[in-house]
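Not measured: the values here are computed from a predicted model.
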Amino acid sequence: MTRRLAEVAKKVGVSEATVSRVLNEKPGVSESTREAVLTALDVLGYERPTQLRGERARLVGLVLPELSNPIFPAFAEAVGGALAGQGLTPVLCTQTAGGVSEADYVDFLLAQQVSGVVFFGGLYAQADAPHEHYARLAERGLPTVLLNAAIDDLDFCQVSCDDAVATEQALGHLRQLGHTRIGLVLGPSDHVPSQRKLDAARVAMARYGLDLPDQHIERALFGLEGGQAATARLLRQGVTGLICASDPLALGAVRAVRRAGLSVPEDVSVVGYDDSSFMMCTDPPLTTVRQPIDAMGRAVVDLLAGEISGVRVTHDELLFEPELVVRGSTAPARERR
């Protein structure tokens, strides 16, 4: 108990006596200090006293699938900053290979009596993945927001970048450069955003009077290695332009082109997706489709804060317009020998 008082007091910057008064519901403590002590208790992983457990903590779980893709920390930073403006404290939950699962994090956040949860890409975007933990959130009525394209039967607030528009922008850019043999490097077959990109590409290619044969479509796990392996297969099909479903996939594509003795963009043009950190510093700087991170982050928090306060908010998916950012990884097409 003494250790708990000391740690919470240090976290908040108050005396141990003040912490004790909060935990024992004694008078003489301001409401802001009381809230700060309770929040610190939750953040440090201590259980609230029984008489205080009925109150939901002013915490919001931010569940990220990984940190290696810089788009996820960027979204978490945008959402975390907006949450602070609402008097809410983010709790970062990052999955690692062989570590804590998404379902385990849901159990943890429910035990902490958080006010809401935001998912930044995860199992909700994969049709064949287990989704039972989302049902637990729905049963509790816990305010929840899903970022970027969930499966159809999850009735939560949703904020997404428009995958169809992103694909049309990338494809239109390559067509203007004269590319006709265009390949796609996408995520797994049950990944909803990737399927949206594929559907949009088929429509756009048909509009240009071009085919998109199955041999020009490759699936991969998100990451440099997946992008490299998928691109190596596409290069054998003679593609001169590549549209990738993420920036890490695109960087893997660049590596595969070079391993094949070719160059980017002289032999093969590469377009990424996200415009995550440092894409202007790669060699060559990556042409990519930018997600409007700040605007999407604000929308996530507005929806979440509305649900937390009991305001009725839309569960229809909010789609945000992406922006094509042209850099050095794309160039006019030339015939491959």
Side-chain angles (χ1 to χ4, degrees), residues 125-128 148-152 158 160-220 222 226-227 229-247 249-250 252-254 256-257 262 264-265 267-275 286-292 316-327 329-337:
Q126 295 176 241
D128 298 336
N148 279 332
I151 62 173
D152 290 336
Q158 298 181 43
S160 299
C161 189
D162 195 320
D163 291 297
V165 172
T167 303
E168 291 163 3
Q169 289 177 347
L171 191 55
H173 175 59
L174 291 178
R175 282 296 299 121
Q176 286 181 339
L177 294 173
H179 293 274
T180 58
R181 298 179 64 82
I182 297 171
L184 301 181
V185 180
L186 304 173
S189 58
D190 68 335
H191 186 244
V192 175
S194 292
Q195 188 58 47
R196 290 181 175 184
K197 290 179 172 68
L198 176 56
D199 293 342
R202 291 191 190 282
V203 171
M205 291 286 277
R207 189 166 62 244
Y208 289 120
L210 299 173
D211 292 327
L212 182 59
D214 290 342
Q215 304 94 291
H216 288 187
I217 304 165
E218 285 291 340
R219 304 281 188 172
F222 286 99
T231 298
R233 296 189 292 270
L234 287 170
L235 292 176
R236 292 194 286 269
Q237 300 297 323
V239 300
T240 64
L242 289 170
I243 298 174
C244 302
S246 75
D247 289 340
L249 285 174
V254 171
V257 171
L262 302 170
V264 176
D267 298 304
V268 180
S269 287
V270 177
V271 182
Y273 178 75
D274 285 334
D275 194 29
L286 187 67
T287 295
T288 187
V289 180
R290 175 183 295 159
Q291 293 199 64
D316 294 334
E317 185 177 25
L318 301 184
L319 289 176
F320 282 74
E321 187 94 357
E323 176 189 1
L324 178 71
V325 182
V326 178
R327 298 194 181 103
S329 66
T330 51
R334 71 182 189 187
E335 288 297 319
R336 291 261 307 276
R337 295 182 179 179

To the nearest 0.5 Å, atom CD1 of Ile151 lies from atom CD of Gln195 at 14.0 Å
Ignoring hydrogens and geometry, is there a side-chain-to-backbone donor-acceptor pair from Ser269 to Gly241 under 3.5 Å? no
Kindly indicate whether the side chain of Leu184, heavy atoms from C-beta on, has any atom under 4.5 Å from the side chain of His216. no
Which atoms form the tightest heavy-atom contact between Gly272 and Thr288, and what is the distance? C-OG1, 3.0 Å
Any idea which heavy atoms bring Ala230 and Ala220 closest together, and the distance? CB-CB, 4.1 Å
Is the side chain of Arg196 donor-acceptor paired with the backbone N or O of Thr167 at a distance under 3.5 Å, no angle test? no
Between CZ of Arg175 and CD of Glu168, what distance do you get to the nearest 0.5 Å? 14.5 Å
Rounded to the nearest 0.5 Å, how far does CG of Asp163 lie from CG of Leu198? 11.5 Å
What are the two closest heavy atoms between Val264 and Ser329, and how far apart are they? CG1-O, 3.6 Å
Please report the interatomic distance CG(Leu186) to NE2(His191), rounded to the nearest 0.5 Å. 10.0 Å
Ala232 and Ala256 have their tightest heavy-atom pair at N-CB, 4.0 Å
When you measure from the side chain of His179 to the backbone N and O of Ala331, does any donor-acceptor pair fall under 3.5 Å? yes
Please tell me if the side chains of Val271 and Leu171 come closer than 4.5 Å, counting only heavy atoms from C-beta onward. no
CD1 (Ile217) and NZ (Lys197) are apart, to the nearest 0.5 Å, by 14.5 Å
Does Gln169 reach the side chain of Asp162, with side-chain heavy atoms less than 4.5 Å apart? no
For side chain to side chain contact (heavy atoms under 4.5 Å, CB included), just list the numbers for Asn148 and Val192, CA-CA rounded to whole Å, side-chain angles, deciding distance to a tenth of an Å, and then say yes or no. CA-CA 9 Å; Asn148 279 332; Val192 175; over 6 Å; no
For Ser194 versus Phe222, what's the shortest heavy-atom pair and its separation? OG-CZ, 4.0 Å
Determine whether the side chains of Thr330 and His173 contain a donor N or O and an acceptor N or O closer than 3.5 Å. yes
How far does CG of Asp275 sit from CZ of Arg290, to the nearest 0.5 angstrom? 4.5 Å
Using a 4.5 Å cut-off on heavy atoms from C-beta on, say whether the side chain of Val268 contacts that of Thr240. no
Quick one: does Leu319's side chain get under 4.5 Å of Val165's, heavy atoms only? no
Tightest non-hydrogen contact, residues Pro322 and Pro292, listed as CA-CD, 4.4 Å
